[in-house]
Amino acid sequence: MLRWFIIITFYILISIYGFQAFRTITRHVWIHYAFIAVAVAVAGNLIIQFAFGSGGRVLIPSKSYAFGFILTYMLFNSVLIFFLFGEDIFRFFVGIHSKYFSTRESFHMPSRRKFISTIAMGVAAIPLASMLYGMYKGKYNYKVIRHTLHFDDLPEAFDGYKITHISDIHSGSFDNRSEVVNGINIIKELKSDVIMFTGDMVNNRSSELLPWKDLFSELKADDGVFSILGNHDYGDYMDWDSAAEKEQNFEELIQLQKDMGYDLLLNENRFIERNGQRLAIVGVENWGKGYFKRAGDLSKAADGVKPDDFKILLTHDPSHWDEVVINDDYHYHLTLSGHTHGMQFGIEIPGWFKWSPIKYKYKHWAGVYKEMGQYINVNRGFGYLGFPGRVGIWPEITVIELKKGPKKAIA
């Protein structure tokens, strides 16, 4: 109850503050009422969805949108407050000066200046428009990101080998079939040698995958589709009637992936062979830092793999790479991960700059990194979760080409 009291109080306060900007800019009463109506509608929808809606704690699309709209509204008002509060401080000191250094006997703060509120409104409109675009189109704005990685010990038969890496599908969040079809077609058109999926097929329930099973079954490659589990695939984020029901859900998800033609690696490995040479594909269950599930067993997964094999590791959470993988006795040439989603929010200029608040939680949160002679690629995710959109950090389909030998300098 205390948490809800704090949230409601904060919401009311920022709404009152934001209302001041509209009242300063225009005297049209209908605009004032429109602002109040939006504030009530956004908060009311959130309460209805979470207090009376179906699905319990599960973030079904309607709940995600309720969360998305209130987040957008609060961000808009927070930007307004940044400007208005700064002006209030200025107005306060002007009032103090007027009281003690002028003929005015009483304290009086000057009125708000219209141009400050106008500037605040204009700046606040930028994140507002970005968030709304992110919910409308950004979450399906699929980007193909290509990397070429060089290895001295790559088997000659795999020089030029292409991997399509996808992650974090979160099928329970999808709400536009034609857009998802477009994403699937992009993957199919790449015609890579192998497809590797690094976890979080669903949000909570295996049934979330059923409407999309036929689409994701279309993903094929000459050397197959390999997959692993992510933290959301275990059903740990919802209340089940019994442990048996939860276990049944888990088994159903495993069977669904097998039915789709995916080779699901549960602390296991496989080999891809060409011309008498091979790559080792090692897949672990989820292993996460902190409170995330730790079912991954790297030693078990690598059983039968030789130290001199060229190894590609699939592990959902990049913190596993930081905490365990790069310090393991085995040298894992390339690790593929996901999990972070790039927080679905940030600023990125490809090849120049990337930033997201998630970087303060995860050292490796998007793209390719190299440490101790080993690479990791953290995929930004194909789907989305929670906030039903993406702003600046777009859904990703990665293509990684393996090349033998050192990277040649450009003359």
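Taken to the nearest 0.5 Å, the CG atom of Leu385 stands 5.0 Å off from the OG atom of Ser173. Rounding to the nearest 0.5 Å gives a distance of 14.0 Å between CG of Leu71 and OH of Tyr65.
Remark: Asp175 pairs with Lys139 by the salt bridge (Lys or Arg N to Asp or Glu O under 4.0 Å) rule, at least two apart or across chains. A search for salt bridge (Lys or Arg N to Asp or Glu O under 4.0 Å) contacts involving Asp159 returns Lys403, not counting sequence neighbours. Under the rule for a side chain to side chain contact (heavy atoms under 4.5 Å, CB included), the partners of Asn231 that lie at least two apart in sequence or sit in another chain are Asp200, Tyr237, Asn286, Phe292, His316, His339.
Residues Asp236 and Asn204 fail the side-chain proximity criterion, which asks for heavy atoms closer than 4.5 Å. Between Thr164 and Lys191, every side-chain heavy-atom pair lies at or beyond the 4.5 Å cut-off.
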Exercise. Could you go step by step and tell me if Tyr375 and Phe151 meet the ring-ring contact (aromatic ring centres under 6.0 Å, His included) rule?
Worked result: CA-CA 10 Å; Tyr375 287 97; Phe151 303 89; 5.3 Å; yes

For this session: Given salt bridge (Lys or Arg N to Asp or Glu O under 4.0 Å), test Arg274 with Glu156 step by step and report yes or no.
Result: CA-CA 9 Å; Arg274 284 189 174 186; Glu156 187 73 39; over 6 Å; no

For this session: Begin from the C-alpha positions of Lys143 and Glu396 and carry the test salt bridge (Lys or Arg N to Asp or Glu O under 4.0 Å) through to its verdict.
Result: CA-CA 5 Å; Lys143 299 295 183 184; Glu396 175 182 354; over 6 Å; no

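Inspection of the His165 and Thr198 side chains reveals an N or O donor paired with an N or O acceptor under 3.5 Å. A donor-acceptor pair shorter than 3.5 Å cannot be found between the side chains of Tyr142 and Glu179. Between the side chains of Tyr384 and Ser64, not a single donor N or O lies within less than 3.5 Å of an accepting N or O. At a cut-off of 3.5 Å, with distance as the only test, a side-chain donor of Asp223 or Tyr161 sits close to an acceptor on the other residue. Defined by atom type and a distance below 3.5 Å, a donor-acceptor pair is present between the side-chain atoms of Gln257 and Ser227. Side-chain N/O atoms of Asp297 and Ser299 include no donor and acceptor closer than 3.5 Å.
Smallest separation of non-hydrogen atoms from Trp321 and Gln374: CZ2-O, 3.4 Å.
The aromatic rings of Phe216 and Phe382 sit perpendicular, their planes meeting at an angle over 60°, well past the 30° parallel limit.
When each of Gln248, Glu251, Glu252, Gln255 is paired with Ser206, the side chain to side chain donor-acceptor pair (under 3.5 Å) condition holds for Glu252 and for no other. Shown are Thr398, Asn377, Asn379; of these, the side-chain contact (heavy atoms from CB on, under 4.5 Å) with Leu336 is made only by Asn377.
Ion pairing between Arg278 and Asp309 holds under the 4.0 Å rule for side-chain N and carboxylate O.
For Lys311 and Tyr330, the positive end sits near the middle of the six-membered ring, less than 6.0 Å away and at most 45° from its axis.
Taking the centre of each ring, Phe250 and Tyr234 come in below the 6.0 Å mark.
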